[in-house]
2 protein chains.
Amino acid sequence: MEKIKITIVDDHLLFSQSLSFLIGSFKEFTVIGNYNNGKEFISSFSENTEKPDIVLLDVNMPIMDGHETIKWLKENNPELKVLALSVNDDEDTIMKMITNGAKGYLLKDTHPNTFKEALMEVYNKGFYYSEMVSGFLINKLGNNENKITLKDREVEFIRLACSEKTYREIADGMCLSPKTIDGYRENLFQKLEIKTRIGLVLYAIKHKIVCI
Amino acid sequence: MEKIKITIVDDHLLFSQSLSFLIGSFKEFTVIGNYNNGKEFISSFSENTEKPDIVLLDVNMPIMDGHETIKWLKENNPELKVLALSVNDDEDTIMKMITNGAKGYLLKDTHPNTFKEALMEVYNKGFYYSEMVSGFLINKLGNNENKITLKDREVEFIRLACSEKTYREIADGMCLSPKTIDGYRENLFQKLEIKTRIGLVLYAIKHKIVCI
DNA sequence: CCATACAAGGGGAAATATACCCTTTTTTTA
DNA sequence: TAAAAAAAGGGTATATTTCCCCTTGTATGG
């Protein structure tokens, strides 16, 4: 029987190499590629290399992360089945990957047996949704009214607010009057249901608007 | 030849199980134990199980993390050689593990060959310090005057400051007068070279005093 | 063409945070 | 045991943030 071909894209060498051994121990699968980040992976497409049946894609990577990579794949190789694999269990990240076309989302603390099952399901049924992901999906469909969108200018403001600058300095930095900044802030406070600049900083970090 | 015995303590099942396969491929080593967190690991000591030659210890774990675990080991099984293994490359974390007795600190993006070399060195020489860790050590020895230590009460204050509470509310929460809180804040501002509460929040998150 | 929304800018007042000046009591430590 | 350091509290002044209500120009869709 032909083995199911898998490519791993993950910057943690020790993990990806080890995982290759684990997958190698499953008789149905074989690892045909190992890349350190999205950039390396998509570069391999210019050469006419063998296409994998499943791509195991890490979300947090340097150079080109999972989000960018899956977007590129959606554009250029939409037939590839991507299974996201991350330590990250926050709803935003998961939904972003799923909506960009990931066929499943696995946490790195998954049991090897579940992992194998997920690989089989993605190959056979085309997708694998764990309970956690399904939960998020249902939750999302239930109340998709209050989805929060931030304008570019607002994001810029939030980034500057995550510093020891005063609002006056932020206004200068954005070439706006302090009163306009006042407006931005009050808008955001209402929109994000927060009361203080501290809340804004916490929100920004939690939602990865700024990285510290 | 007797194989060198290794125990893995890591909450990421997929990683620890995969790593077992990788280690299994080295003829000099064998994995004799696999635990999800420090608690599970130290519980195994009450039973008279076989002691490993090297413990591979993850830093970030639920229930009982690497820091707590290595402290316990230092007290109760100081002869055990611990090699810390983490994705975390910030100086604070690394130094904390090293000063608590870790024989080395490896990042999870280490190459398998380096990993094997590290295992050999820890077994034979008793320690393995990568360039990065050595760099931090030298840097630390050069200027160990300005080491910042936070008192328990200060840490408690910082945690509460990382919220939308006002200082008055924080004072109530800590059963102190708002003026005492004032003192705490001013002390910290000077000690941490910051000027605003925002700075305090950023410091706290950067140094993992709070987790969000 | 009008209505509506929205970005930019603003006034003033109240609440909160910051800075710098202290005292008293307890605990450490030399 | 005396000096030093830490913990707790206080007063007052200023700066910053927060809140509420307002105007003007400019798109933008019906």
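Numbers restart at 1 for each chain; the letters A, B, ... are given by sequence-line order, proteins then strands.
- Between K195(A) atom NZ and dT16(D) atom P the separation is 24 Å, expressed in whole Å.
- Here the C1' atom of nucleotide dT17(D) and the NZ atom of K165(A) are 18 Å apart, to the nearest Å.
- Between the P atom of dC20(D) and the CD atom of E186(A) lies a distance of 8 Å, rounded to the nearest Å.
- Nucleotide dA8(D) holds its C1' atom 15 Å from the CG atom of L188(B), rounded to whole Å.
- For K108(B) and D10(B), the salt-bridge test passes: some basic side-chain N is under 4.0 Å from an acidic carboxylate O.
- Salt bridge E156(B)/R153(B): present, at least one basic N to carboxylate O contact under 4.0 Å.
- Which of dC19(D), dA7(D), dT17(D) sits closest to the side chain of R197(A) comes down to dT17(D).
- OP1 or OP2 of dA7(D) has not a single side-chain nitrogen or oxygen of T180(B) nearer than 4.0 Å.
- The distance between atom CG of D182(B) and atom P of dT12(D), rounded to the nearest whole Å, is 14 Å.
- Of the candidate nucleotides dT17(D), dA8(D), dT18(D), dA8(D) has the atom lying nearest to any side-chain atom of Y184(B).
- Aromatic rings from W72(B) and F45(B) are positioned such that their centres are separated by under 6.0 Å.
- Distances shown here put a side-chain N or O of K151(B) below 4.0 Å from the OP1 or OP2 atom of dA7(D).
- Each end of the helix from dC1(C)-dG30(D) to dA30(C)-dT1(D) gets its own axis, taken as the rotation carrying the C1' atoms of four end pairs onto the next four within a five-pair window, and the two axes meet at 50° to the nearest 10 degrees.
- Two residues, I198(B) and K179(A), neighbour DNA chain C, and the one matched to the more 5' nucleotide by heavy-atom proximity is K179(A).
- Contacts of S177(B) with the nucleic acid, taken as non-hydrogen atoms under 4.0 Å apart, involve only primed sugar atoms and P, OP1 or OP2.
- With F189(B) as the aromatic partner, R197(B) does not meet the cation-pi criteria of under 6.0 angstrom to the ring centre and within 45 degrees of the ring axis.
- The distance from atom CD1 of I194(A) to atom C1' of dT17(D) is 13 Å, rounded to the nearest whole Å.
- Under 4.0 angstrom from either OP1 or OP2 of dA7(D) there lies no side-chain N or O belonging to R153(B).
- Electrostatic pairing of E28(B) and K116(B) counts as a salt bridge here, judged by a charged N lying under 4.0 Å from a carboxylate O.
- Taking 4.0 Å as the cut-off between side-chain N and carboxylate O, E121(B) and K103(B) do not count as a salt-bridged pair.
- Rounded to a whole Å, the CD atom of Q190(A) is 12 Å from the P atom of dC21(D).
- Between F115(A) and H111(A), the ring center distance fails the sub-6.0 Å criterion.
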Criterion salt bridge (Lys or Arg N to Asp or Glu O under 4.0 Å) on E68(A) and K39(A), from CA distance to verdict
CA-CA 9 Å; E68(A) 293 176 73; K39(A) 193 84 197 159; over 6 Å; no
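- The nucleotide range of DNA chain C contacted by chain B, defined by atoms under 4.0 angstrom from heavy atoms of the protein and reported 5' to 3', is dA17(C) to dC20(C).
- Protein atom CE of M174(B) is 14 Å distant from nucleotide atom C1' of dG9(D), rounded to whole Å.
- Side chains of N34(A) and T7(A): no donor on one and acceptor on the other come within 3.5 Å.
- Note on ring orientation: taking the six-membered ring where Trp is involved, the planes of Y129(A) and F127(A) are tilted (angle from 30° to 60°).
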